[in-house]
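Here the structure comes first, spelled out in structure tokens, and everything after it is commentary.
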Amino acid sequence: MKFSIISKGDQKSNTLAAKIRTYLEEFELEYEEKAPEIVITVGGDGTLLHAFHQYAHRVNETAFVGVHTGHLGFFADWTPEEVEKLVIHIAKTPFQIVEYPLLEVTVRYLDDMDEKRYLAVNECTVKSGEGSLVMDVDIKGDRFETFRGDGLCMSTPSGSTAYNKALGGAIIHPSLPSIQIAEMASINNRVFRTIGSPLVLPQHHTCLLKPINNVDFHITIDHLFLLQKKVKSIQCRVAEEKIRFARFRPFPFWKRVKDSFIGERE
């Protein structure tokens with residue numbers, strides 16, 4: 001099997017990554033950065049997001065597994081103390097593939113510039129480069145509302161525990177192929193009105209954001225920050241592709257949520 005390792009870059013993570021590579025090569029696995037079958041990330045959830053975007057073009061061929069060198073993550077669930085066990089699993093045990101939904105974001109422009117397509121593991125956010133964000137929101141081809149406020153966040157079920165949760169969105173199990181739209185400080189008064197609640201769209205339902213004003217937009221795709229000019233529309237929907245995780249043991253989603261946000265009571 002071909003593998004690659006991506007480290008967070010700090011000394012602890014680099015040392016552990018080198019150790020994992022040595023162990024796997026001793027089992028005669030091949031280190032291959034261009035076309036790995038499995039990518040091991042050492043660091044945290046942010047490291048795994050970086051790894052995904054590095055190998056997004058191989059989303060159907062590459063699986064990910066994460067080792068955390070800080071706090072327990074939603075994606076990085078193996079500890080440094082479990083590295084030997086993980087290495088043996090990778091070398092000797094056929095792993096189970098678990099697939100989570102991704103968000104597809106397509107940005108179209110007013111001029112003849114080609115549209116751009118992105119995949120997000122967690123979320124896409126849209127904010128105006130100047131003043132409040134003002135956009136028509138179409139759902140499944142019909143105008144739903146005109147949004148005015150700080151911005152909008154479109155998240156995957158995986159990302160529902162990230163920025164979406166901070167905005168008051170619901171936590172959604174990743175077995176449900178869906179996207180969620182959450183508002184950032186919407187303007188609601190006798191003149192302007194938005195739904196004021198997060199919206200959950202099923203697979204094949206598309207959200208289309210259409211600017212009212214010709215301004216620049218700040219768009220994030222996970223950790224990537226993009227300045228977009230002359231935007232005609234931003235389309236968001238559940239992607240046909242999915243992110244693939246290599247699972248060697250049970251990793252219940254709701255236990256992960258509990259451990260991350262509630263913990264054990266004393």
Side-chain angles (χ1 to χ4, degrees), residues 1-102 119 121-122 156-159 161 173-177 222 239-260 263-264:
M1 186 190 332
K2 297 178 180 180
F3 73 95
S4 179
I5 302 176
I6 293 180
S7 169
K8 181 180 179 181
D10 60 286
Q11 184 175 352
K12 181 178 181 181
S13 300
N14 288 343
T15 300
L16 196 59
K19 184 178 181 181
I20 294 171
R21 177 172 178 173
T22 299
Y23 284 166
L24 288 175
E25 288 179 335
E26 287 176 354
F27 278 107
E28 298 184 349
L29 272 68
E30 180 183 351
Y31 187 80
E32 166 62 65
E33 291 187 351
K34 289 186 177 180
E37 298 166 65
I38 187 169
V39 173
I40 303 139
T41 64
V42 183
D45 284 351
T47 310
L48 194 139
L49 290 178
H50 278 274
F52 168 79
H53 286 280
Q54 182 174 332
Y55 289 103
H57 62 289
R58 286 186 49 81
V59 68
N60 295 322
E61 292 83 31
T62 296
F64 299 88
V65 62
V67 178
H68 68 84
T69 52
H71 298 291
L72 174 65
F74 268 81
F75 303 129
D77 57 313
W78 290 84
T79 68
E81 294 74 27
E82 296 174 314
V83 160
E84 288 82 359
K85 184 189 300 186
L86 174 61
V87 165
I88 292 172
H89 275 309
I90 293 174
K92 300 292 185 180
T93 309
F95 53 81
Q96 178 188 6
I97 291 291
V98 176
E99 297 181 326
Y100 284 0
L102 293 168
L119 294 175
V121 177
N122 275 351
T156 66
S158 305
T161 57
H173 195 280
S175 64
L176 300 174
D222 292 332
E240 293 183 3
E241 303 94 328
K242 295 182 178 181
I243 185 172
R244 304 164 74 244
F245 292 101
R247 286 281 184 262
F248 300 96
R249 62 184 181 186
F251 192 29
F253 177 77
W254 296 118
K255 182 180 185 304
R256 205 180 329 161
V257 172
K258 178 184 175 184
D259 290 346
S260 296
E264 295 295 334

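Atoms considered below: every heavy atom in the structure, side chains included; atoms not considered: hydrogens, waters and symmetry mates. When a residue number appears, it is its place in the shown sequence, counting from 1.
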Under 3.5 Å: donor-acceptor pair, side chain of Glu30, backbone of Lys2: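 Flag not set: sc Glu30 to bb Lys2 has no pair under 3.5 Å.
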
Exam field: side chain Thr156 to backbone Leu102, donor-acceptor pair closer than 3.5 Å: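 No: the side chain of Thr156 does not pair with the backbone of Leu102.
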
Interatomic distance, [X] atom [atom1] to [Y] atom [atom2] [nearest 0.5 angstrom]:
| X | Y | atom1 | atom2 | result |
| --- | --- | --- | --- | --- |
| Phe95 | Phe245 | CZ | CZ | 13.0 Å |
| Asp77 | Arg256 | CG | CZ | 7.0 Å |
| Leu48 | Ile6 | CG | CD1 | 8.5 Å |
| Leu49 | Asp222 | CG | CG | 5.0 Å |
| Phe75 | Phe52 | CZ | CZ | 10.0 Å |
| Phe248 | Ile88 | CZ | CD1 | 12.0 Å |

Donor + acceptor pair across side chains of Ser13, Thr69 (<3.5 Å):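 Thr69 and Ser13 do have a side-chain donor-acceptor pair below 3.5 Å.
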
Check ion pair Glu37-Arg244 (N to O, under 4.0 angstrom):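 Salt bridge: no.
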
Phe3 and its ring-ring contact (aromatic ring centres under 6.0 Å, His included) partner, picked from Phe27, Tyr31, Phe64: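 Of Phe27, Tyr31, Phe64, ring-ring contact (aromatic ring centres under 6.0 Å, His included) with Phe3 is met by Tyr31 alone.
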
Validation row: Thr47, Ser7 side chains within 4.5 angstrom (heavy atoms):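 No, too far: nothing below the 4.5 Å cut-off.
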
Cation-pi check, Arg58 onto Tyr55 ring (under 6.0 Å, within 45° of axis):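 No, Arg58 and Tyr55 do not form such a contact.
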
